[in-house]
J.: 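Let me give you the structure first, and then I'll get to my questions.
Reminder, nothing fancy here: chain letters follow the sequence lines and each chain counts from 1.
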2 protein chains.
Amino acid sequence: MDREGERSSAARGGERAPSPRRARLTRSRVLDAAVALVDRDGLAALTMRNLATDLGVEPMALYRYASGKQALLDGMVEAFCAEVYEGLGPPAEGAGGTGRDWRAELHRVAEVFHAVADAHPQVVPLVVTRPLDVPLARRPPAMLRLNEHVLALLDRAGLDDHATLRLYRAVGGWVLGYLLVDRRQVVDNPDEPEPLLRLGLHRLPISEYPRLRALARLLADHDPAEELAAGLDALLDGLGDHRTDD
Amino acid sequence: MDREGERSSAARGGERAPSPRRARLTRSRVLDAAVALVDRDGLAALTMRNLATDLGVEPMALYRYASGKQALLDGMVEAFCAEVYEGLGPPAEGAGGTGRDWRAELHRVAEVFHAVADAHPQVVPLVVTRPLDVPLARRPPAMLRLNEHVLALLDRAGLDDHATLRLYRAVGGWVLGYLLVDRRQVVDNPDEPEPLLRLGLHRLPISEYPRLRALARLLADHDPAEELAAGLDALLDGLGDHRTDD
DNA sequence: GGCTGTAAGTATACAACGTACATATCAGAC
DNA sequence: GTCTGATATGTACGTTGTATACTTACAGCC
């Protein structure tokens with residue numbers, strides 16, 4: 001799809017597999033395999049060698065599609081964002097400015113983002129962490145397109161630039177932050193039937209952490225999608241009518 | 001904390017120097033050194049060997065104070081949280097229930113958190129990431145005490161348990177999320193005088209990212225503390241009076 | 001003093017990792 | 001066929017985390 005798709009020689013009638021043994025390597029094949037590997041075995045298991053074996057290839061072959069391990073990690077963020085972007089489906093702004101549903105669209109972006117995070121929980125650390133190191137203009141296109149999309153939606157609110165960016169940062173922060181908090185491990189020993197031991201609450205002295213101990217068992221008992229949406233609305237409402245007294 | 005001048009006992013050869021006595025190692029000395037190292041040289045430079053040399057010690061000595069590298073990273077989060085907690089100063093709830101300033105206290109927590117993040121930017125990835133892997137009950141005491149403190153503050157709002165936890169997650173998410181978004185790299189080439197090149201905007205085709213390009217130069221132009229506070233208020237206002245129709 | 005048990009730090013060694021560099025293999029244009 | 005560039009392999013090296021075994025420092029007792 002992008003400028004570097006695979007070369008299609010399909011126009012010819014004889015579609016002979018390019019290689020009888022294995023399909024040619026591709027950047028997206030490498031990245032997808034990396035995500036799959038991490039989904040399966042965790043981030044720590046992502047080594048060049050493991051990834052290479054998964055692809056039936058020697059480790060050094062990967063360096064043609066990602067210039068190093070760091071670049072590979074960035075590539076996984078790219079794959080993640082691409083999945084979000086595609087998950088959004090048709091641009092939906094379709095024919096000429098359906099003016100007022102920008103808020104619903106924003107909610108959809110947040111929803112899909114969290115859904116993809118659900119599909120690839122182990123990739124989340126990368127998604128939240130890598131943009132701290134790579135400057136805006138060098139982020140993967142998929143991520144930039146997502147950003148642009150959000151800005152386009154906010155544009156329909158008819159705010160001035162500063163207010164728009166204010167909301168932009170708020171939306172991004174909330175989506176990422178809620179993702180992080182909602183995904184924190186609360187269960188200590190999953191096989192334990194007794195809730196108190198399952199959560200490991202015996203480690204929390206009642207005298208020091210009374211409320212934490214009392215509420216911990218309720219921590220996971222909520223509707224993430226609803227809460228995500230409610231927070232988003234709260235931010236849009238509360239920050240939308242900012243006083244420009246600066 | 002014990003602070004003692006350390007000397008490298010470089011002189012060998014059978015001479016017994018009168019004062020080659022190094023300060024004893026300590027868990028907090030190790031963790032502080034780790035944070036200092038990362039602040040100075042970045043996360044990638046944090047190796048057991050580098051840390052050991054900084055402390056004037058052999059690498060294996062560290063394993064008595066942190067059972068491995070992962071544990072060391074967790075320890076740094078611990079140090080971070082401790083710094084936040086101490087930065088809060090006196091408990092301030094002082095004499096018997098000063099009822100209504102819980103919101104102001106919450107704002108202070110958020111403020112201090114961000115201030116500490118400012119002091120140790122390179123530790124932030126760990127702070128947001130580690131809790132995804134370590135279950136609640138195994139988190140460092142400093143972090144738990146912070147959590148307990150926030151819960152205690154929210155308690156004063158007089159909500160039921162579900163609403164309290166709702167706000168609890170929202171506050172945590174917002175503080176972390178805004179931290180992340182606000183700290184994302186936007187500058188590409190810091191030494192470039194021309195803003196367009198400094199941000200690397202020439203990499204963003206106008207046709208594909210019109211708004212991103214137009215607004216990027218304003219992205220860093222805002223008051224983080226004010227925005228953090230405003231978002232916090234928006235969430236507290238918008239989520240405080242939820243309808244319990246679940 | 002000297003002896004001794006325990007904690008603190010050292011010394012050595014090793015498997016696994018990322019990756020530089022040189023080589024082999026293959027698809028298509030001539 | 002041969003040539004040529006892109007693609008994948010093979011080998012090798014320096015670093016990393018850490019297991020294991022050893023040495024030193026010191027407290028308490030005689």
J.: Could you state the CG-P distance from B/Leu55 to C/dA8, rounded to the nearest angstrom?
T.: 16 Å
J.: Grab the CE-P distance between A/Met48 and C/dA15 for me, whole Å please.
T.: 23 Å
J.: Start at the 5' end of DNA chain D and walk down; is the nucleotide closest to B/Thr47 or to A/Pro59 reached first?
T.: A/Pro59
J.: Does anything in residues 68-75 of chain A come within less than 4.0 Å of DNA chain D? Heavy atoms only, and list the residues if so.
T.: none
J.: Could you state the atom-to-atom distance from CZ of A/Arg27 to C1' of D/dA6 in whole Å?
T.: 18 Å
J.: Look at the side chain of A/Glu58 and decide which nucleotide, out of D/dT9, C/dT19, C/dA8, has an atom nearest to it.
T.: D/dT9
J.: Rounded to whole Å, how long is the line connecting atom OH of B/Tyr63 with atom C1' of C/dG9?
T.: 14 Å
J.: Less than 4.0 Å between a side-chain N and a carboxylate O, is that true for B/Asp188 and B/Arg203?
T.: yes
J.: Could you tell me whether the phosphate oxygens of D/dA8, OP1 or OP2, come under 4.0 Å of any side-chain nitrogen or oxygen in A/Tyr65?
T.: yes
J.: Nearest 0.5 Å, what's the CG-CD distance between A/Leu199 and A/Glu194?
T.: 10.0 Å
J.: Without hydrogens or angle criteria, can the side chains of B/Asp182 and B/His222 be said to hold a donor-acceptor pair below 3.5 Å?
T.: yes
J.: Once you round to the nearest 0.5 Å, how far does CG of B/Leu201 lie from CG of B/Leu196?
T.: 5.0 Å
J.: Could you work out which one of C/dT10, C/dG18, D/dA8 sits closest to the side chain of B/Val57?
T.: C/dT10
J.: Do B/Arg145's NZ or CZ and the ring of B/Tyr85 fall within the cation-pi criteria of under 6.0 Å and 45°?
T.: yes
J.: Applying side-chain hydrogen bond (donor to acceptor under 3.5 Å, both in side chains), name anything that partners B/Asp133, two or more places apart in sequence or on another chain.
T.: B/Arg130
J.: Is the shortest side-chain N to carboxylate O distance from A/Arg139 to A/Asp74 below 4.0 Å?
T.: no
J.: Just the rounded figure in Å: distance from P of C/dA11 to CE of B/Met60.
T.: 13 Å
J.: Using whole Å, what does the distance between atom C1' of nucleotide D/dT24 and atom CG of B/Leu25 come to?
T.: 15 Å
J.: Which nucleotide in the list D/dT7, D/dT16, D/dT9 gets nearest to the side chain of B/Arg49?
T.: D/dT16
J.: Could you tell me the separation between the CG atom of A/Asn50 and the C1' atom of C/dC17, rounded to a whole number of Å?
T.: 10 Å
J.: Can you see if the side chain of B/Arg64 gets near the phosphate of C/dG9 - specifically, an N or O under 4.0 Å from OP1 or OP2?
T.: no
J.: Take atom CG of A/Leu51 and atom P of C/dT19, then tell me their distance rounded to the nearest Å.
T.: 13 Å
